[in-house]
Engineer: 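The structure follows.
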Amino acid sequence: MHHFLSISDTPTPLIRHMLDTAIELRANPRPTMLAGKTLVCLLEKASLRTRVSFEGAMRRLGGHAMTMLGAEIGIGGRESPEDIARVLHGMVDAIMARVQDHNTLKRMAAVSRVPIINGLSDLAHPAQALADILTMVDEFSPGDVGGIGGRTLAFVGDGNNVARSLAVICGRLGLTFNICSPPGYELDPAWVDDVAGRAPAGAIRLCKDPVEAVLRADAVYCDTFVSMGQESERMQRLRVFARYQVNNELLEQAPKHAIVLHCLPASRGVEITGEGIDGPRSRVFKQAWNRLDAQMGLLATLMG
Ligand code: CP
Ligand code: NVA
């Protein structure tokens, strides 16, 4: 039994298996694969893509999903994460949780007899990273996950949960991960050294300038400057991040074939222009749709 709390905690063969399975299930649907199985989704934060893709993937595989909102459950307030997991593992076959604090997932995983799946925490968004890599595979080596080794993903913006999961998955699959963040918002250098040491096939490059990051990129990626839970820092963040917008001027510095990715939801005109999302290089909506296939690969691997 495996949990899926972060890419770092997940062995590389399992990550490859999830991606290969996503591709396989997309081509050859298995509408009874998870028949009789139930997933419960616990959401402490808002969600469109994650919720719909997990529920949708369960249905496509013949299983059942139910969602509960954090306010109803009171994780850590009304009941401890451990007791929630102890109750649920007698009733369901896997638990997906979107949490304020990554530690909640760890506490559930420490006692749960069914897989705990991270549907976004302050630290990581590993399910998103699977869909992002799947989108790059579709673009640059259709059907062949191994074929994207050697490609470069450039992330411009906050060294946040999404950036961390991308850094690790790129390292594991042999991609170069360039990241350019404003001072004070970078990935922790000690964490980067640790990740790079464990996955020598890829490389993480901390860039000083957004242009330096995108110059040799195959994909240019951005995310909100103000993640859920950081709303009180909004004004300061918008000031600090102003020159980190993905716009035409920056995209002109990237190779002609480079695609544009964003995990969504986007603030159009802030971290990315409307043209960036809607333009010919954008794969942003394909990327969102790929959440469904990625979730099928993930759930089939953990529950199948
Ligand atoms: N990208 C993503 O996780 O979207 P939601 O927050 O809508 O689930
Ligand atoms: N970094 C963003 C991702 C949303 C999908 C957040 O945590 O709000």
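Every number for a ligand or one of its atoms is a count from 1 in the order of the listing.
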Engineer: So, is S227 polar-close to ligand 2, with some N/O to N/O distance under 3.5 Å?
Structural biologist: yes
Engineer: Regarding R107 and S80, do their side chains bring together a donor and an acceptor under 3.5 Å, going by distance alone?
Structural biologist: no
Engineer: I need the atoms of ligand 2 closer than 4.0 Å to a non-hydrogen atom of N160, numbered in the order shown.
Structural biologist: 1 (N)
Engineer: Pairs in or reaching into residues 142-200: which pass ring pair (Phe, Tyr, Trp, His ring centres under 6.0 Å), with residues at least two apart or in two chains?
Structural biologist: F155-Y221, Y185-F241
Engineer: Can you pull out every side chain to side chain donor-acceptor pair (under 3.5 Å) where at least one residue sits in residues 56-65? Sequence neighbours excluded, please.
Structural biologist: none
Engineer: Can you confirm whether more than 12 heavy atoms, excluding those of R281, are under 6.0 Å from its CZ atom?
Structural biologist: yes
Engineer: So is there a nitrogen or oxygen of D223 less than 3.5 Å from a nitrogen or oxygen in ligand 2?
Structural biologist: yes
Engineer: Which bit of N161 is near ligand 2, meaning a heavy atom under 4.0 Å away: side chain, backbone, both or neither?
Structural biologist: side chain
Engineer: Where does D122 meet ligand 2, judged by heavy-atom distances below 4.0 Å: at the side chain, the backbone, both, or neither?
Structural biologist: neither
Engineer: Near ligand 1, which residues have a heavy atom under 4.0 Å away from one of its atoms?
Structural biologist: S47, L48, R49, T50, R98, H125, Q128, C263, L264, R291
Engineer: At less than 4.0 angstrom from any non-hydrogen atom of L264, what atoms of ligand 2 do you find?
Structural biologist: 5 (C)
Engineer: For E186, which residues count as a salt bridge (charged side-chain N to carboxylate O under 4.0 Å, His left out) partner, sequence neighbours excluded?
Structural biologist: none
